[in-house]
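Convention: sequence-line order gives letters A, B, ...; per-chain numbering from 1. Hydrogens, waters and symmetry mates play no part in the numbers below; they use all other heavy atoms, side chains included.
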Amino acid sequence: MQLCDFERPATELAQQLLGCVLRHGTTAGMIVETEAYLGLNDLAAHASKGKTERTKVLFGPAGHAYVYFIYGMYECLNVVADREGSPGCVLIRALEPLSGLDLMYERRKWHGPPVGLANGPGKLTQALAITRKEYGARLDEGDLTVREWREKPQFEIATTPRIGITQCADWPLRFVWANHPCLSRRNS
DNA sequence: CAATAGATCATCT
DNA sequence: GATGATCTATTGC
(Lines give C-alpha, C1' and ligand atoms only; values in the text may rest on other atoms or scores of the structure.)
Protein backbone atom coordinates (compact mmCIF):
# COMPACT_ATOMS: atom_id res chain seq x y z
CA MET A 1 0.00 0.00 0.00
CA GLN A 2 1.08 3.59 -0.54
CA LEU A 3 1.40 5.95 2.40
CA CYS A 4 -1.64 7.89 1.20
CA ASP A 5 -3.75 4.71 1.32
CA PHE A 6 -3.44 4.82 5.11
CA GLU A 7 -4.61 8.38 5.27
CA ARG A 8 -8.22 7.76 6.27
CA PRO A 9 -10.27 7.62 9.46
CA ALA A 10 -9.18 4.87 11.83
CA THR A 11 -12.54 3.10 11.72
CA GLU A 12 -12.27 2.81 7.94
CA LEU A 13 -8.63 1.83 7.91
CA ALA A 14 -9.22 -0.84 10.55
CA GLN A 15 -11.66 -2.59 8.24
CA GLN A 16 -9.51 -2.08 5.17
CA LEU A 17 -6.52 -3.72 6.85
CA LEU A 18 -8.46 -6.95 7.44
CA GLY A 19 -7.32 -9.46 4.83
CA CYS A 20 -4.05 -7.60 4.16
CA VAL A 21 -0.60 -9.10 4.65
CA LEU A 22 1.75 -7.92 7.38
CA ARG A 23 5.34 -8.87 6.67
CA HIS A 24 8.54 -8.45 8.66
CA GLY A 25 11.62 -9.95 7.08
CA THR A 26 10.85 -13.53 6.16
CA THR A 27 7.85 -13.86 8.46
CA ALA A 28 4.37 -12.82 7.37
CA GLY A 29 0.74 -13.19 8.33
CA MET A 30 -2.69 -12.11 7.21
CA ILE A 31 -4.46 -9.56 9.37
CA VAL A 32 -7.72 -10.98 10.72
CA GLU A 33 -8.46 -8.76 13.74
CA THR A 34 -8.05 -5.01 14.30
CA GLU A 35 -9.20 -2.23 16.62
CA ALA A 36 -9.62 1.47 15.89
CA TYR A 37 -8.39 4.14 18.31
CA LEU A 38 -9.66 7.56 17.50
CA GLY A 39 -7.76 10.27 19.31
CA LEU A 40 -8.70 13.16 21.49
CA ASN A 41 -12.31 12.16 22.30
CA ASP A 42 -11.46 8.50 22.74
CA LEU A 43 -10.35 8.10 26.35
CA ALA A 44 -9.09 4.59 25.61
CA ALA A 45 -6.63 5.95 23.05
CA HIS A 46 -3.11 6.82 24.16
CA ALA A 47 -3.32 9.95 22.03
CA SER A 48 -6.25 11.28 24.07
CA LYS A 49 -3.75 12.46 26.71
CA GLY A 50 -2.02 14.64 24.18
CA LYS A 51 1.28 14.54 22.33
CA THR A 52 4.14 13.05 24.35
CA GLU A 53 7.45 11.41 23.60
CA ARG A 54 5.70 8.04 23.31
CA THR A 55 2.71 9.12 21.24
CA LYS A 56 4.27 11.70 18.96
CA VAL A 57 4.27 9.42 15.92
CA LEU A 58 0.48 9.22 16.15
CA PHE A 59 0.31 12.91 15.38
CA GLY A 60 2.47 12.52 12.31
CA PRO A 61 1.59 11.29 8.81
CA ALA A 62 -0.31 8.03 8.25
CA GLY A 63 1.20 4.69 7.32
CA HIS A 64 3.88 4.59 10.01
CA ALA A 65 4.26 2.13 12.88
CA TYR A 66 3.31 2.98 16.47
CA VAL A 67 4.88 0.32 18.67
CA TYR A 68 4.57 0.54 22.43
CA PHE A 69 5.62 -1.55 25.41
CA ILE A 70 2.91 -2.74 27.78
CA TYR A 71 2.64 -4.64 31.08
CA GLY A 72 6.41 -4.79 31.35
CA MET A 73 6.44 -7.68 28.88
CA TYR A 74 4.84 -7.16 25.52
CA GLU A 75 4.94 -4.89 22.53
CA CYS A 76 1.86 -3.90 20.54
CA LEU A 77 1.79 -2.80 16.90
CA ASN A 78 -0.42 -0.02 15.59
CA VAL A 79 -0.74 1.55 12.16
CA VAL A 80 -1.02 5.33 12.19
CA ALA A 81 -4.19 6.51 10.42
CA ASP A 82 -5.71 9.87 9.59
CA ARG A 83 -4.04 13.02 8.38
CA GLU A 84 -1.01 14.60 9.99
CA GLY A 85 -2.22 16.25 13.19
CA SER A 86 -5.11 13.78 13.66
CA PRO A 87 -3.83 11.00 15.92
CA GLY A 88 -6.02 8.06 14.86
CA CYS A 89 -4.51 4.58 14.71
CA VAL A 90 -5.33 0.91 14.25
CA LEU A 91 -4.17 -1.81 16.63
CA ILE A 92 -3.30 -5.09 14.91
CA ARG A 93 -4.70 -7.79 17.17
CA ALA A 94 -4.33 -11.11 15.33
CA LEU A 95 -2.76 -12.75 12.28
CA GLU A 96 -3.10 -15.96 10.37
CA PRO A 97 0.51 -17.13 9.92
CA LEU A 98 1.46 -17.33 6.24
CA SER A 99 5.23 -17.75 5.97
CA GLY A 100 8.25 -18.21 8.17
CA LEU A 101 6.31 -20.44 10.56
CA ASP A 102 9.42 -22.22 11.80
CA LEU A 103 10.91 -18.90 12.89
CA MET A 104 7.66 -17.96 14.60
CA TYR A 105 7.58 -21.22 16.55
CA GLU A 106 11.12 -20.56 17.69
CA ARG A 107 10.46 -16.97 18.76
CA ARG A 108 7.23 -17.81 20.54
CA LYS A 109 8.50 -21.04 22.09
CA TRP A 110 5.12 -22.44 21.23
CA HIS A 111 4.16 -26.07 20.84
CA GLY A 112 0.72 -26.26 19.33
CA PRO A 113 -1.22 -25.62 16.18
CA PRO A 114 -0.21 -22.66 13.95
CA VAL A 115 -3.47 -20.96 14.92
CA GLY A 116 -1.91 -20.12 18.29
CA LEU A 117 1.20 -18.43 16.91
CA ALA A 118 -0.13 -14.89 16.40
CA ASN A 119 -3.71 -14.77 17.71
CA GLY A 120 -3.19 -11.82 20.05
CA PRO A 121 -1.50 -8.38 20.01
CA GLY A 122 1.45 -9.44 22.16
CA LYS A 123 1.80 -12.77 20.41
CA LEU A 124 2.02 -11.43 16.88
CA THR A 125 4.74 -8.92 17.70
CA GLN A 126 6.72 -11.74 19.27
CA ALA A 127 6.13 -14.05 16.29
CA LEU A 128 7.22 -11.39 13.78
CA ALA A 129 9.93 -9.93 16.05
CA ILE A 130 8.39 -6.45 16.05
CA THR A 131 9.80 -4.20 18.77
CA ARG A 132 10.18 -0.55 19.59
CA LYS A 133 13.08 -0.54 17.14
CA GLU A 134 10.32 -0.42 14.53
CA TYR A 135 8.76 2.65 16.16
CA GLY A 136 8.03 5.20 13.43
CA ALA A 137 8.94 2.87 10.55
CA ARG A 138 7.05 3.43 7.32
CA LEU A 139 4.90 0.52 6.29
CA ASP A 140 4.73 1.06 2.54
CA GLU A 141 8.30 -0.09 1.97
CA GLY A 142 11.26 -1.51 3.83
CA ASP A 143 11.56 -4.43 6.20
CA LEU A 144 8.14 -4.05 7.81
CA THR A 145 5.25 -3.69 5.38
CA VAL A 146 1.49 -3.97 4.95
CA ARG A 147 0.34 -5.11 1.53
CA GLU A 148 -2.97 -5.85 -0.11
CA TRP A 149 -3.59 -8.93 -2.16
CA ARG A 150 -3.90 -8.42 -5.87
CA GLU A 151 -7.42 -9.72 -5.43
CA LYS A 152 -8.84 -8.96 -2.01
CA PRO A 153 -10.12 -12.09 -0.26
CA GLN A 154 -13.86 -12.21 0.30
CA PHE A 155 -15.09 -12.49 3.87
CA GLU A 156 -17.60 -11.07 6.29
CA ILE A 157 -16.60 -8.38 8.80
CA ALA A 158 -18.02 -8.57 12.31
CA THR A 159 -17.94 -5.61 14.71
CA THR A 160 -17.58 -5.89 18.51
CA PRO A 161 -16.47 -3.79 21.48
CA ARG A 162 -12.73 -3.43 22.01
CA ILE A 163 -10.89 -5.78 24.33
CA GLY A 164 -8.81 -5.12 27.43
CA ILE A 165 -9.74 -1.48 28.05
CA THR A 166 -11.74 0.18 30.81
CA GLN A 167 -12.69 3.51 29.21
CA CYS A 168 -15.12 3.69 26.30
CA ALA A 169 -15.35 -0.07 26.69
CA ASP A 170 -18.65 -0.30 24.88
CA TRP A 171 -17.63 1.47 21.68
CA PRO A 172 -17.95 -0.92 18.71
CA LEU A 173 -14.47 -0.40 17.27
CA ARG A 174 -13.12 -3.95 17.06
CA PHE A 175 -13.32 -5.51 13.63
CA VAL A 176 -12.74 -9.15 12.82
CA TRP A 177 -12.84 -11.53 9.89
CA ALA A 178 -16.01 -13.29 11.00
CA ASN A 179 -15.46 -16.79 12.38
CA HIS A 180 -11.81 -16.89 11.40
CA PRO A 181 -9.96 -19.55 13.45
CA CYS A 182 -7.05 -17.21 14.31
CA LEU A 183 -8.94 -14.59 16.34
CA SER A 184 -7.73 -13.69 19.85
CA ARG A 185 -9.48 -15.28 22.82
CA ARG A 186 -13.01 -16.42 22.09
CA ASN A 187 -14.47 -15.70 18.70
CA SER A 188 -17.30 -13.44 17.57
C1' DC B 1 -14.62 -25.23 31.89
C1' DA B 2 -14.01 -20.04 34.43
C1' DA B 3 -11.62 -17.09 37.42
C1' DT B 4 -7.45 -15.29 39.25
C1' DA B 5 -2.44 -14.38 40.09
C1' DG B 6 1.91 -13.17 38.73
C1' DA B 7 5.34 -11.53 35.66
C1' DT B 8 7.63 -6.89 35.05
C1' DC B 9 8.74 -1.94 33.41
C1' DA B 10 8.04 2.41 30.48
C1' DT B 11 5.31 6.13 30.96
C1' DC B 12 2.91 9.69 33.21
C1' DT B 13 1.16 11.97 37.82
C1' DG C 1 4.02 5.57 42.96
C1' DA C 2 0.22 3.71 40.09
C1' DT C 3 -1.17 1.95 36.01
C1' DG C 4 -1.68 -0.61 31.76
C1' DA C 5 -4.79 -1.53 24.13
C1' DT C 6 -1.31 -8.80 27.61
C1' DC C 7 -0.21 -13.64 28.23
C1' DT C 8 0.52 -17.88 30.66
C1' DA C 9 0.11 -20.92 34.41
C1' DT C 10 -2.46 -22.26 38.15
C1' DT C 11 -6.32 -22.74 41.06
C1' DG C 12 -11.07 -23.65 41.92
C1' DC C 13 -15.73 -25.66 40.64
Side-chain angles (χ1 to χ4, degrees), chain A residues 6 9-15 17-18 22 24 29 31-60 62 64-82 86-97 104-137 139 144 146 158-177 181-188:
Chain A
F6 296 93
T11 46
E12 280 181 31
L13 183 63
Q15 295 170 77
L17 291 182
L18 292 176
L22 177 69
H24 189 213
I31 300 171
V32 298
E33 175 175 347
T34 58
E35 281 178 6
Y37 286 85
L38 303 185
L40 304 176
N41 301 325
D42 180 2
L43 273 287
H46 292 165
S48 67
K49 309 252 167 56
K51 190 173 177 177
T52 67
E53 191 58 27
R54 179 176 66 151
T55 62
K56 62 183 180 188
V57 72
L58 294 172
F59 293 79
H64 293 249
Y66 169 50
V67 186
Y68 66 90
F69 190 61
I70 188 68
Y71 297 125
M73 306 218 93
Y74 298 100
E75 324 257 354
C76 290
L77 171 68
N78 295 246
V79 178
V80 177
D82 266 317
S86 282
C89 67
V90 176
L91 171 68
I92 310 298
R93 285 197 57 92
L95 304 176
E96 174 191 337
M104 296 193 197
Y105 271 103
E106 190 178 317
R107 289 167 175 158
R108 290 259 301 114
K109 301 188 171 73
W110 165 250
H111 302 283
V115 156
L117 277 174
N119 59 340
K123 297 183 188 178
L124 72 91
T125 51
Q126 211 169 40
L128 299 208
I130 296 166
T131 69
R132 281 160 290 171
K133 284 203 301 287
E134 276 68 50
Y135 182 94
L139 300 172
L144 180 62
V146 175
T159 305
T160 80
R162 293 175 291 186
I163 288 179
I165 56 173
T166 54
Q167 316 214 44
C168 309
D170 54 342
W171 293 15
L173 293 177
R174 173 170 172 258
F175 303 96
V176 304
W177 178 322
C182 297
L183 300 182
S184 68
R185 316 206 210 177
R186 55 187 159 279
N187 291 19
S188 72

Expected rows: protein N/O vs nucleotides 11-13 of chain B N/O, under 3.5 Å:
{"from": "B/dC12", "atom 1": "OP1", "to": "A/T52", "atom 2": "OG1", "distance (Å)": "2.4"}

Range on DNA chain C touched by chain A - first to last nucleotide, heavy-atom distance under 4.0 Å: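 Range of nucleotides within reach of chain A: C/dG4 to C/dT8.
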
Duplex segments of DNA chain C, taken as runs of at least three Watson-Crick or G-U pairs that stay under 3.5 Å: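 B:1-7 with C:6-12, B:9-12 with C:1-4 - these are the stems of 3 or more pairs that involve DNA chain C.
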
Evaluate the side-chain proximity of [Y] to [X]: yes if any heavy-atom separation is below 4.5 Å, no if none is.
X	Y	answer
A/R54	A/Y66	yes
A/Y37	A/L91	yes
A/I92	A/T34	yes
A/S48	A/D42	no
A/L77	A/E134	no
A/L13	A/V79	yes

Sugar-phosphate, base or nothing in reach of A/Y74, heavy atoms under 4.0 Å: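 It contacts base atoms.
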
Closest heavy-atom pair and its distance - [X], [Y]:
X	Y	answer
A/A127	A/R107	O-NH1, 2.9 Å
A/H24	A/L128	ND1-O, 2.7 Å
A/L17	A/I31	O-CB, 3.4 Å
A/C182	A/L95	CB-O, 3.6 Å
A/G50	A/T55	O-OG1, 3.1 Å
A/C89	A/A10	O-CB, 3.6 Å

DNA chain B-proximal residues of residues 88-97 of chain A, any heavy atom under 4.0 Å: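 DNA chain B contact set from residues 88-97 of chain A: none.
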
Sorted by number, the residues of residues 104-124 of chain A with heavy-atom contact under 4.0 Å to DNA chain C: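 Close to the strand are A/R108, A/G120, A/P121, A/G122, A/K123.
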
Between P of B/dT4 and CZ of A/R185, the distance in whole Å: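 Rounding to the nearest Å, CZ of A/R185 and P of B/dT4 are 14 Å apart.
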
side-chain contact (heavy atoms from CB on, under 4.5 Å) assessment of A/V176 paired with A/L18: CA-CA 7 Å; A/V176 304; A/L18 292 176; 5.8 Å; no

Counterpart residues, side chain to side chain contact (heavy atoms under 4.5 Å, CB included), relative to A/K56 (two or more places apart):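 By the side chain to side chain contact (heavy atoms under 4.5 Å, CB included) rule, A/K56 matches A/K51, A/E53, A/Y135.
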
Residue from A/Y68, A/Y71, A/F69 passing side chain to side chain contact (heavy atoms under 4.5 Å, CB included) with A/C76: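 Of A/Y68, A/Y71, A/F69, side chain to side chain contact (heavy atoms under 4.5 Å, CB included) with A/C76 is met by A/Y68 alone.
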
